[in-house]
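Beneath this line is the structure, given in structure tokens, with notes to follow.
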Amino acid sequence: MPAQKIETGHQDIVHDVAMDYYGKRLATASSDATIKIIGVGSGSQHLATLSAHRGPVWEVAWAHPKFGSLLASCSYDGQVIIWKEGNPNEWQQAHVFNDHKSSVNSIAWAPHELGLSLACGSSDGNISVFTARTDGGWDTTRIDQAHPVGVTSVSWAPSMAPGALVGSGLLDPVHKLASGGCDNTVKVWKLYNGMWKMDCFPALQMHRDWVRDVAWAPNLGLPKSTIASASQDGTVVIWSVAKEGEQWEGKVLKDFNTPVWRVSWSLTGNLLAIADGNNNVTLWKESVDGEWQQVSTVDP
């Protein structure tokens, strides 16, 4: 498929791009405080501009379509907004969360099997998880001071326990999160009886500077759990654990010698896309012997 250049129409830096479930629309988040919805396919067309944030918008995330046409956004202004599409390309604010006292840097919808649930990480050090109730309200659980100097990123674990496909019967879905912070660490959290508790001891520490992004890999029934973390220090670390309760082990995929901004897994979890400070996007794959190899470069 040839590369397609898309003019977003933003007046400032674009911080995030998210494709909807069907691959038909993009949502973009920008320092101009707006979100743009762009149709992609034969050419690109501007469908809507969402304006309500009072500062740079850092991330956007589409909910699973089984919950309707919903988009979440988070901003430097401390707000998290849930947008709902009524008539095609007519978006309204369905809910605004003002729980955080400073910039909300990262948002992530839970696997749809867990219901409509949004995790948010903030510079105030806290993580909040908002879960929709059937009556239209929202319940909130919190991880206070998850990374006291600031949370940069949050990512959900797959809802199916590692190896569940080869195990027997249906297991209870797993509620787990990974987070990265300005304390240079990655942490794993698990929901026990309605309370989030740290699920890795000690915190995962191999980075020498801020963790910029974390991404939990889909496991598709594989026996191990895998998290990729990207850091200001230039490295990407692949963390894995074979069985529940064992120690996570980290391995440096590569030192890019420039800050690494984002890491993103393919749907099958076998390819990792990495965006670095030299404006390169590269794709990586784990070989049979466990070494990571670059398989391609995405041309700008």
Side-chain angles (χ1 to χ4, degrees), residues 8-10 14-40 45-124 126-143 151 153-156 159 173 175 177 191 194 196:
T8 64
H10 284 297
V14 175
H15 296 289
D16 194 25
V17 180
M19 189 168 268
D20 75 355
Y21 183 82
Y22 300 108
K24 296 279 196 286
R25 296 185 294 181
L26 292 177
T28 57
S30 168
S31 272
D32 66 10
T34 70
I35 297 144
K36 304 272 188 188
I37 310 289
I38 299 158
V40 290
Q45 58 187 128
H46 179 267
L47 301 176
T49 299
L50 314 186
S51 307
H53 284 296
R54 299 186 298 270
V57 185
W58 301 130
E59 286 192 7
V60 281
W62 297 89
H64 190 279
K66 82 178 210 183
F67 302 110
S69 191
L70 293 175
L71 184 73
S73 60
C74 65
S75 166
Y76 180 78
D77 65 12
Q79 294 194 113
V80 174
I81 300 178
I82 311 276
W83 306 83
K84 186 175 177 63
E85 185 182 28
N87 294 326
N89 304 318
E90 288 183 11
W91 292 84
Q92 306 288 333
Q93 293 176 59
H95 207 89
V96 181
F97 298 104
N98 289 298
D99 296 51
H100 291 284
K101 299 294 171 274
S102 54
S103 177
V104 179
N105 303 317
S106 181
I107 47 174
W109 289 106
H112 65 87
E113 299 88 349
L114 305 182
L116 187 63
S117 203
L118 186 73
C120 312
S122 168
S123 291
D124 63 13
N126 305 330
I127 294 170
S128 53
V129 180
F130 304 117
T131 303
R133 296 194 305 263
T134 49
D135 66 4
W138 294 78
D139 291 325
T140 306
T141 54
R142 295 169 63 89
I143 306 171
V151 183
S153 50
V154 287
S155 177
W156 288 85
S159 64
H175 290 73
L177 283 170
L191 191 63
W196 290 94

List the atom of F67, the atom of G115, and the distance in Å for their closest heavy-atom pair. CZ-C, 3.5 Å
Are H10 and T34 side-chain neighbours, meaning at least one heavy-atom pair lies under 4.5 Å? yes
Does NZ in K66 sit with more than 12 non-hydrogen atoms of other residues, nucleotides or ligands closer than 6.0 Å? yes
Run the numbers on F97 and S128 for side-chain contact (heavy atoms from CB on, under 4.5 Å), then give the verdict. CA-CA 10 Å; F97 298 104; S128 53; over 6 Å; no
Shortest non-hydrogen contact from V154 toward A108: O-CB, 3.8 Å
Rounded to the nearest 0.5 Å, what separation is found between the OG atom of S51 and the CD1 atom of I35? 8.0 Å
For the backbone of K36 and the side chain of T49, can you confirm whether one donor and one acceptor N or O come within less than 3.5 Å of each other? no
Which pair of heavy atoms, one from A52 and one from I81, lies closest together, and at what distance? CB-CD1, 3.8 Å
Looking at V151, is its backbone amide N or carbonyl O close enough to the side chain of N105 to form a donor-acceptor pair, meaning the two atoms are under 3.5 Å apart? yes
If you take all heavy atoms of A94 and K84, which pair is closest and at what distance? CB-CB, 3.9 Å
Would you compute the distance between atom NE2 of H100 and atom SG of C74 and round it to the nearest 0.5 angstrom? 9.5 Å
Has H112 got a side-chain atom pairing as donor or acceptor with L114's backbone, closer than 3.5 angstrom? no
Would you compute the distance between atom CH2 of W83 and atom CD of Q92 and round it to the nearest 0.5 angstrom? 9.0 Å
Do the side chain of W109 and the main chain of H64 share a donor and acceptor less than 3.5 angstrom apart? no
At their closest point, which heavy atom of Q79 faces which heavy atom of H53, and how far apart are they? O-CE1, 3.5 Å
With distance as the sole test, does S122 use its side chain to make a donor-acceptor pair with the main-chain N or O of S103 at under 3.5 Å? yes
Within the structure provided, determine whether L116 and L70 are in side-chain contact (heavy-atom separation under 4.5 Å). yes
May I ask you to say whether R25 pairs ionically with D20, meaning some side-chain N is under 4.0 Å from a carboxylate O? yes
Roughly how far, to the nearest 0.5 Å, is the CD atom of E59 from the OG atom of S73? 11.0 Å
Trace of the side-chain contact (heavy atoms from CB on, under 4.5 Å) decision for L50 with L71: CA-CA 10 Å; L50 314 186; L71 184 73; 4.0 Å; yes
dist W156:CH2 -> L118:CG (nearest 0.5 Å) comes out at 8.5 Å
Do R142 and D99 have side-chain heavy atoms sitting under 4.5 Å apart? yes
Run the side-chain contact (heavy atoms from CB on, under 4.5 Å) check on Y76 and S31 step by step: do they pass? CA-CA 9 Å; Y76 180 78; S31 272; over 6 Å; no
No-hydrogen, no-angle side-chain donor-acceptor test under 3.5 Å, S153 and S106: no
Using a 3.5 Å distance criterion without hydrogens, assess whether the side chain of W196 forms a donor-acceptor pair with backbone atoms of T141. no
Closest non-hydrogen atom pair between A18 and V60, with its separation: CB-O, 3.7 Å
Distance, nearest 0.5 Å, that separates CD1 of I37 from CH2 of W91: 5.0 Å
Please tell me if the side chains of I143 and L177 come closer than 4.5 Å, counting only heavy atoms from C-beta onward. yes
